[in-house]
Amino acid sequence: MCSIMGYCGSAILDTFQKGFHRTVSRGPDDSRIVNTGKGFLGFHRLSIMGLTPQGMQPFELDGSYVVCNGEIYGFEKQREALKQKGYTFQSGSDCEILLPMYREYGVEMFGMLDAEFACIFYDGTTQEYVAARDPIGIRPLYFGYDPAGTLLFASEAKNLVGLVDNIMPFPPGHYYKKGKFHCYCDMTKVETVCHDDLETACTTIRKKLIAGVEKRLVADAKVGFLLSGGLDSSLVCAIAARKSNVPIRTFAIGMSEDAIDLKYARQAADYIGSDHREFYMTPEDVVSSLKDVIYLLGTYDITTIRASIGMYLLCKAIHEQTDIRVLLTGEISDELFGYKYTDFAPSAAAFQEEAQKRIREIHMYDVLRADRCISVNALEARVPFGDLDFAAYVMALDPDQKINKYGKGKYLLRHAFEGKGYLPDEILWREKAAFSDAVGHSMVDYLKEYAKGQYTEEAFAEGCKKYAHARPFTRESLLYREIFETYYPGQAQMVAGFWMPNKAWEGCDVDDPSARALPNYGDSGK
């Protein structure tokens with residue numbers, strides 16, 4: 001990853017450094033702070049593209065500066081166009097094109113980027129700050145105002161704790177300029193519904209996902225893959241394996257006694273011929289890592305925390321035991337194609353509305369999980385299902401095509417790769433199990449049991465009353481909230497609420513986010 005921070009006005013360097021240092025693990029290769037004359041910009045570097053010292057940020061152009069945590073796909077074409085306009089470049093870094101682009105196109109540039117990014121500009125001409133974030137929010141960015149009213153931006157909420165009054169996520173698909181946020185791209189807004197027939201839709205889905213994976217294989221550092229054995233990560237790995245001249249490197253984790261996904265990950269790895277490694281975690285690992293996981297995430301959401309424990313421990317092992325620096329993951333597929341609970345959508349329109357809500361909010365949940373678990377271990381996450389071209393196409397498809405009327409969830413995605421040899425049918429058509437369940441049903445059970453032992457019935461009832469926003473409703477949710485408050489006091493509004501099935505739908509009024517609580521769980525995770 002990388003970490004960026006901006007103090008957009010008068011500040012004491014020591015104060016800036018105190019907050020900035022909290023995310024050095026995102027970019028342990030180098031660090032730099034510049035005084036813009038109107039505040040500070042800071043950058044912690046994880047070297048992925050343009051590994052030479054010339055690729056170090058902040059980049060500067062005639063008194064203007066930029067810091068960017070991002071990956072800009074196909075930047076070479078834009079760089080060549082800028083060279084024709086007289087700009088020169090000192091490194092192979094994709095982010096070096098940003099200042100010339102800003103000079104040429106202004107804020108219109110953000111809509112031109114095929115990228116996962118969060119960036120902060122200091123415009124030396126106008127002496128103002130401009131910031132922006134990618135349309136899905138794959139790269140993190142937060143903001144807040146200090147007691148004097150000075151604006152701060154930072155990669156993570158932890159950078160801003162104690163420096164600002166209220167920490168809020170920077171809205172995806174927006175840029176900030178002159179005191180206002182402006183939307184430059186709304187990924188959930190469909191101008192024209194796409195009525196492609198089933199076969200055309202599936203062919204397009206396949207081609208666009210393959211393209212999304214291909215562009216994310218480009219790196220000057222070593223690339224690996226998280227393989228849960230489920231449909232999404234298995235497809236990413238299968239596509240990459242076809243494009244690689246050597247076996248790709250895949251990684252999986254589970255509880256030693258009942259990890260559902262390990263056997264399926266192994267099956268997928270054997271089929272695609274990957275260099276596969278398995279890791280195991282114990283009940284002690286689960287409980288002992290809980291506080292660290294909540295701190296690194298900056299959330300109290302049940303689903304996010306459960307699913308992060310295995311991912312965090314796996315990424316920690318990859319960081320400590322391998323030379324991998326980039327990891328491709330399978331996030332965002334569920335939000336586009338549906339979960340187990342969206343089988344209960346009462347109509348195609350309701351399915352689409354739920355998908356729009358989930359995509360708008362995913363930066364606070366699954367995308368946040370992938371970013372934090374990977375970046376805290378000095379690795380970079382890339383998310384092919386979040387490819388802008390791919391996601392925009394799926395969002396625009398007629399929801400009557402996407403709703404589960406086939407007797408199998410995610411039918412379009414499965415059918416897109418059916419009969420193409422990418423995966424065996426046992427993987428391609430297997431029922432979904434959530435990652436937090438699939439690493440071992442016992443993991444969630446251990447967490448629930450641990451939380452149960454922390455509160456009497458009276459203490460639980462009183463504890464829940466303390467919170468108005470996103471009030472806890474189980475002992476587990478109360479435990480997570482109280483740990484969260486020790487690290488991020490009074491900042492619960494950073495998260496919209498609990499990531500739960502839509503309670504308004506029949507069959508979805510449950511008090512646990514696990515798909516195991518749904519009546520259609522069936523063969524999932526067997």
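In this text the structure is predicted, and so the values were computed from the model without any measurement.
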(request) For residues 4-18, pull every pair meeting side chain to side chain donor-acceptor pair (under 3.5 Å), keeping only residues two or more places apart or in separate chains. (result)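 Sorted pair list: Tyr7-Asp146.
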Calculate, to the nearest 0.5 Å, the distance between atoms [atom1] and [atom2] belonging to [X] and [Y] respectively.
{"X": "Phe251", "Y": "Ser233", "atom1": "CZ", "atom2": "OG", "result": "13.5 Å"}
{"X": "Ile248", "Y": "Phe225", "atom1": "CD1", "atom2": "CZ", "result": "4.5 Å"}
{"X": "Trp499", "Y": "Tyr339", "atom1": "CH2", "atom2": "OH", "result": "4.0 Å"}
{"X": "Leu447", "Y": "Arg306", "atom1": "CG", "atom2": "CZ", "result": "7.5 Å"}
{"X": "Leu388", "Y": "Asp134", "atom1": "CG", "atom2": "CG", "result": "7.0 Å"}
{"X": "Leu478", "Y": "Ile483", "atom1": "CG", "atom2": "CD1", "result": "10.0 Å"}

Side chains of [X] and [Y], donor plus acceptor under 3.5 Å:
{"X": "Thr474", "Y": "Glu476", "result": "no"}
{"X": "Glu482", "Y": "Tyr455", "result": "yes"}
{"X": "Ser91", "Y": "Glu96", "result": "yes"}

Salt-bridge criterion met for [X] and [Y] (N-O under 4.0 Å):
{"X": "Glu462", "Y": "Lys465", "result": "yes"}
{"X": "Asp29", "Y": "Arg325", "result": "yes"}
{"X": "Lys466", "Y": "Glu485", "result": "no"}
{"X": "Asp445", "Y": "Lys448", "result": "no"}
{"X": "Arg369", "Y": "Asp301", "result": "no"}
{"X": "Lys178", "Y": "Glu128", "result": "yes"}

(request) Kindly assign one of parallel, tilted or perpendicular to the pair Phe390 and Phe337, based on the angle between their ring planes and the thresholds 30° and 60°. (result) tilted
(request) For the residue pair Tyr487 and Tyr295, categorise the inter-ring angle as parallel (less than 30°), tilted (30 to 60°) or perpendicular (more than 60°). (result)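 It falls in the tilted class, 30° to 60°.
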Spell out, as yes or no, whether a donor-acceptor pair under 3.5 Å connects the side chain of [X] to the backbone of [Y].
{"X": "Glu60", "Y": "Gly63", "value": "yes"}
{"X": "Arg481", "Y": "Ala470", "value": "yes"}
{"X": "His363", "Y": "Pro171", "value": "no"}
{"X": "His21", "Y": "Gly19", "value": "no"}
{"X": "Gln356", "Y": "Thr188", "value": "yes"}
{"X": "Arg133", "Y": "Phe170", "value": "yes"}
{"X": "Glu335", "Y": "Arg358", "value": "no"}
{"X": "Asp94", "Y": "Ile72", "value": "yes"}
{"X": "His174", "Y": "Lys180", "value": "no"}
{"X": "Asn159", "Y": "Glu156", "value": "yes"}

(message) Tell me every residue that passes salt bridge (Lys or Arg N to Asp or Glu O under 4.0 Å) with Arg139, counting only those two or more places apart in sequence or in another chain.
(response)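 Once residues adjacent in sequence are excluded, the partners of Arg139 under the salt bridge (Lys or Arg N to Asp or Glu O under 4.0 Å) criterion are Glu116, Glu380.
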Can you check whether [X] reaches [Y] side chain to side chain, under 4.5 Å on heavy atoms?
{"X": "Leu13", "Y": "Asn35", "result": "no"}
{"X": "Phe59", "Y": "Leu98", "result": "no"}
{"X": "Tyr142", "Y": "Val164", "result": "no"}
{"X": "Ile332", "Y": "Ile359", "result": "yes"}

(message) Counting neighbours of NZ on Lys215 that are heavy atoms of other residues, nucleotides or ligands and sit closer than 6.0 Å, is the number greater than 12?
(response) yes
(message) Please check if the number of heavy atoms outside Lys503 that lie under 6.0 Å from its NZ is greater than 12.
(response) yes
(request) Report the residue from Phe473, Tyr365, Tyr467 that forms a ring-ring contact (aromatic ring centres under 6.0 Å, His included) with Phe498. (result)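 Output: one option passes, namely Phe473.
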Answer yes or no for [X] and [Y]: cation-pi contact, defined as NZ/CZ to six-membered ring centre under 6.0 Å and angle to ring axis within 45°.
{"X": "Arg216", "Y": "Tyr73", "answer": "yes"}
{"X": "Lys38", "Y": "Tyr129", "answer": "no"}
{"X": "Arg475", "Y": "Phe460", "answer": "yes"}

(message) Using the side chain to side chain contact (heavy atoms under 4.5 Å, CB included) criterion, which residues pair with Ser25? Sequence neighbours excluded.
(response)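 For Ser25 the side chain to side chain contact (heavy atoms under 4.5 Å, CB included) partners, ignoring immediate neighbours, are Val376.
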(message) If the condition is side chain to side chain contact (heavy atoms under 4.5 Å, CB included), which residues does Cys2 pass it with, not counting sequence neighbours?
(response) Phe43, Leu46, Asn69
Write down the atom of [X], the atom of [Y], and the distance for their closest heavy-atom approach.
{"X": "Met364", "Y": "Val495", "value": "SD-CA, 3.9 Å"}
{"X": "Leu379", "Y": "Cys315", "value": "CD1-O, 3.8 Å"}
{"X": "Arg26", "Y": "Asp371", "value": "NH1-OD2, 2.8 Å"}
{"X": "Gln57", "Y": "Cys68", "value": "OE1-N, 2.6 Å"}
{"X": "Met311", "Y": "Leu226", "value": "CE-CD1, 3.5 Å"}
{"X": "Pro140", "Y": "Ala118", "value": "O-CB, 3.4 Å"}

(request) Apply the test side-chain contact (heavy atoms from CB on, under 4.5 Å) to residues Phe16 and Leu163: give CA-CA distance (whole Å), side-chain angles for both, the deciding distance (0.1 Å), then the verdict. (result) CA-CA 9 Å; Phe16 180 89; Leu163 301 184; over 6 Å; no
(request) Determine whether the aromatic ring centres of Phe143 and Tyr176 lie less than 6.0 Å apart. (result) no
(message) Once salt bridge (charged side-chain N to carboxylate O under 4.0 Å, His left out) is applied, what residue pairs with a partner in residues 278-300 remain, sequence neighbours excluded?
(response) Arg266-Glu278
(message) Would Thr329 and Glu331 count as a side-chain hydrogen bond (donor to acceptor under 3.5 Å, both in side chains) here? Give the steps.
(response) CA-CA 6 Å; Thr329 75; Glu331 276 73 28; 2.4 Å; yes
(message) Under the criterion side-chain contact (heavy atoms from CB on, under 4.5 Å), I'd like the reasoning laid out for Leu217 against Val326: C-alpha separation, chi angles, the key distance, then a yes or no.
(response) CA-CA 9 Å; Leu217 300 178; Val326 178; over 6 Å; no
(message) Test of understanding: with ring pair (Phe, Tyr, Trp, His ring centres under 6.0 Å), list the residues that count as partners of Tyr175, not counting sequence neighbours.
(response)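 With sequence neighbours excluded, Tyr175 shows a ring pair (Phe, Tyr, Trp, His ring centres under 6.0 Å) to Phe110, His182, given in chain and number order.
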(request) Apply salt bridge (Lys or Arg N to Asp or Glu O under 4.0 Å) to Glu354 and Lys357, showing your working. (result) CA-CA 5 Å; Glu354 191 72 7; Lys357 177 182 185 293; 5.4 Å; no
(request) Could you walk me through whether Val218 and Glu71 pass the side-chain contact (heavy atoms from CB on, under 4.5 Å) test, one step at a time? (result) CA-CA 10 Å; Val218 179; Glu71 198 64 48; over 6 Å; no
